[in-house]
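Below is one structure; the comments refer to it alone.
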Amino acid sequence: MDSIKENWELIKQTIKKEYDLSNISYNTWVANLNFYSVENDVVTILIPSDQAHALSYITNKYKSYFQVTITEMMDHEYDISFILEKDVDENEDSMALKPQYNINYEKANLNPKYRFDTFVVGSNNKFAHSASLAVAESPGEAYNPLYLYGGAGLGKTHLMHSIGHFILNQNPNMKVLYVTSEQFTNEVIESIRSGNAAAMTKLREKYRTVDVLLIDDVQFIIGKESTQEEFFHTFNVLHASGKQIILSSDKPPKEMETLEERFRSRFEWGLIADIQPPDYETRMAILKKNAESYSKEVDNEIFKYIATNIKSNIRELEGAFNKIIAFSKLNNVDITLDIAEEALKDIIYPDKPKEISPSFIINVVSEQFGVNAEDITSKKRNSEFVEPRQVVMYLCRSMTDTSYQNIGKILGKKDHTTIIHGVNKITEEIKTNEELKNKIEIIRKKINPS
Ligand SMILES: Nc1ncnc2c1ncn2[C@@H]1O[C@H](COP(=O)(O)OP(=O)(O)OP(=O)(O)O)[C@@H](O)[C@H]1O
């Protein structure tokens with residue numbers, strides 16, 4: 001049997017083919033991964049040091065691909081572990097710390113794209129950005145809790161993840177944990193439902209032993225009785241022991257009508273920082289930064305067109321740009337102002353009020369499910385893409401006037417019967433599946449906060 005090392009390039013190519021990876025995904029994430037060792041049936045793979053921020057992303061997304069492919073090719077079961085190149089190069093003494101660093105990164109639940117160096121600072125978010133940096137530099141000391149608030153799609157989540165990455169880079173042994181309030185709620189409900197004391201103890205251990213806890217969209221926890229009670233005690237334990245808490249919400253504490261006084265006072269202990277909608281210059285800068293990963297030159301007029309017409313939500317701004325790119329690729333045309341106008345005609349109506357577009361729905365759903373928008377509109381049948389795709393079908397029907405035929409077209413030329421099936425499937429599923437119902441509710445609020 002040939003060794004894994006000798007077959008390394010073949011293994012990677014097989015993964016590309018079998019899992020239908022685009023050239024961009026393959027070149028960005030897989031091509032640079034090198035074989036390091038096999039010991040006790042564990043294959044260790046080297047990640048280049050300049051991708052340190054992507055360790056947890058690569059592990060989450062590609063570990064199983066490598067495991068299945070290598071096991072099948074070698075006809076022997078292997079486990080997979082990833083290690084950063086720089087950790088291997090360093091001397092023996094410091095190696096003792098490194099495995100912990102890897103584990104901490106994997107557990108932190110951070111999106112590799114959301115870092116300080118990919119965050120554009122403008123007058124709208126300057127204060128929140130400085131406060132986040134201050135907290136990242138001295139967790140537990142500068143401001144505790146840090147409470148970030150602002151409208152939908154303005155960068156709260158991006159800043160939270162940036163703080164997490166920064167802290168882990170500076171303090172590899174710190175335990176950082178990012179969760180959405182939806183994840184937190186589901187875990188609390190699950191451990192209560194199990195009726196098992198050990199499950200509750202495990203949950204408490206998970207949340208009360210971290211050094212940095214980041215909870216996104218905390219407004220969704222407020223009012224949910226047992227979840228908010230669990231959150232309250234977690235908050236107290238962490239705060240009392242000087243651990244850093246970072247929260248985000250759509251409103252400042254004083255404007256949250258149903259917020260009890262005990263929460264309000266705690267949220268106000270540290271620093272409250274708001275993020276406002278971006279001004280024109282910041283919108284242009286974000287669009288240009290976003291376009292850096294696109295291989296072709298884009299005329300400034302296109303950026304101006306988007307930045308002039310989409311003002312209040314950065315998720316929409318990015319979605320509009322992605323839509324123009326997709327439109328030009330699908331129709332095999334260059335990007336001109338006419339093409340941009342055509343591509344965005346369902347988003348930008350010159351004189352009509354803004355409507356909710358299917359592409360915006362796809363964007364929000366993909367973010368909430370943690371998958372790429374292009375996978376939702378692809379033909380891939382992997383289970384992780386099927387459910388979000390059906391949720392898009394369901395929301396397009398219930399939140400827009402788009403016909404079954406058009407939803408089918410938008411979702412990669414699917415037949416209208418597939419769309420009807422998807423819509424029915426979700427309609428039935430949410431009658432019994434609380435978790436999915438909750439998730440869809442949050443997505444709805446993100447799509448249409450009013
Ligand atoms: N200042 C910025 N620079 C670069 N990208 C940004 C900036 N602000 C937001 N974005 C991008 O906009 C998108 C939406 O941002 P994010 O998810 O952080 O918003 P949010 O405020 O958490 O929204 P929600 O309340 O709906 O969850 C993300 O892709 C994020 O990377």
Side-chain angles (χ1 to χ4, degrees), residues 53 57 109-133 146-165 178-184 214-222 246-252 256 273-294 303 306-307 310-323 356 359-374 395 439-450:
H53 58 273
Y57 175 77
N109 197 18
L110 299 175
N111 182 328
K113 285 194 303 191
Y114 295 166
R115 306 185 313 273
F116 280 125
D117 61 328
T118 55
F119 189 84
V120 175
V121 183
S123 54
N124 63 313
N125 58 28
K126 208 167 168 196
F127 180 57
H129 175 262
S130 313
S132 300
L133 252 184
L146 172 64
Y147 184 103
L148 300 169
Y149 77 88
L154 291 183
K156 302 179 292 294
T157 305
H158 192 136
L159 269 182
M160 295 177 96
H161 284 257
S162 308
I163 298 172
H165 283 298
Y178 165 89
V179 280
T180 61
S181 58
E182 179 203 345
Q183 281 164 278
F184 184 75
L214 305 112
I215 300 198
D216 208 349
D217 285 328
V218 74
Q219 75 272 16
F220 294 124
I221 287 180
I222 300 308
I246 298 147
L247 306 169
S248 84
S249 172
D250 60 345
K251 294 191 188 76
M256 289 170 78
D274 69 320
I275 307 187
Q276 294 295 325
D279 56 19
Y280 177 76
E281 283 72 29
T282 311
R283 297 200 294 279
M284 284 293 278
I286 291 173
L287 280 169
K288 288 183 179 174
K289 181 129 198 148
N290 204 17
E292 280 170 8
S293 57
Y294 180 60
F303 295 131
I306 306 174
I310 298 181
K311 297 182 178 153
S312 58
N313 184 323
I314 296 168
R315 189 178 288 120
E316 275 185 356
L317 200 70
E318 291 182 341
F321 179 70
N322 294 342
K323 186 151 195 231
I356 296 165
S359 57
F360 184 52
I361 294 180
I362 293 173
N363 247 359
V364 181
V365 171
S366 68
E367 256 183 44
Q368 205 67 18
F369 276 83
V371 297
N372 291 327
E374 65 200 43
L395 289 172
K439 191 172 211 141
I440 292 180
E441 242 356 87
I442 290 175
I443 294 173
R444 260 186 204 283
K445 287 199 183 124
K446 288 196 173 196
I447 294 169
N448 186 4
S450 60

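Counting from 1, the numbers follow the sequence of the chain as shown. Only this structure's heavy atoms are used, side chains among them; waters, hydrogens and symmetry mates stay out. Read the numbers this way: they start at 1 and go in the same order the structure lists the ligands and their atoms.
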task: Enumerate the protein residues lying less than 4.0 Å from ligand 1, judged by heavy-atom distances, in chain and residue-number order.
output: Y114, T118, F119, V120, N125, G151, A152, G153, L154, G155, K156, T157, H158, D217, I286, I314, R315, E318, E367, K446
- prompt: Taking the six-membered ring for Trp, are F119 and H158 parallel (under 30°), tilted (30 to 60°) or perpendicular (over 60°)?
  reply: perpendicular
- request: Sorted by first residue and then second, give each side-chain hydrogen bond (donor to acceptor under 3.5 Å, both in side chains) pair with at least one member in residues 274-283; sequence neighbours left out.
  value: S123-D279, D274-Q276, D279-T282
field: SB check K156 D217 (cutoff 4.0 Å)
entry: no
query: Within 45 degrees of the axis of the six-membered ring of Y57 and under 6.0 Å from its centre: does K113 put its NZ or CZ there?
result: no
query: Under a 4.5 Å cut-off applied to non-hydrogen side-chain atoms, are I163 and F116 in contact?
result: yes
message: Between H165 and Y114, is the ring centroid distance below 6.0 Å?
response: no
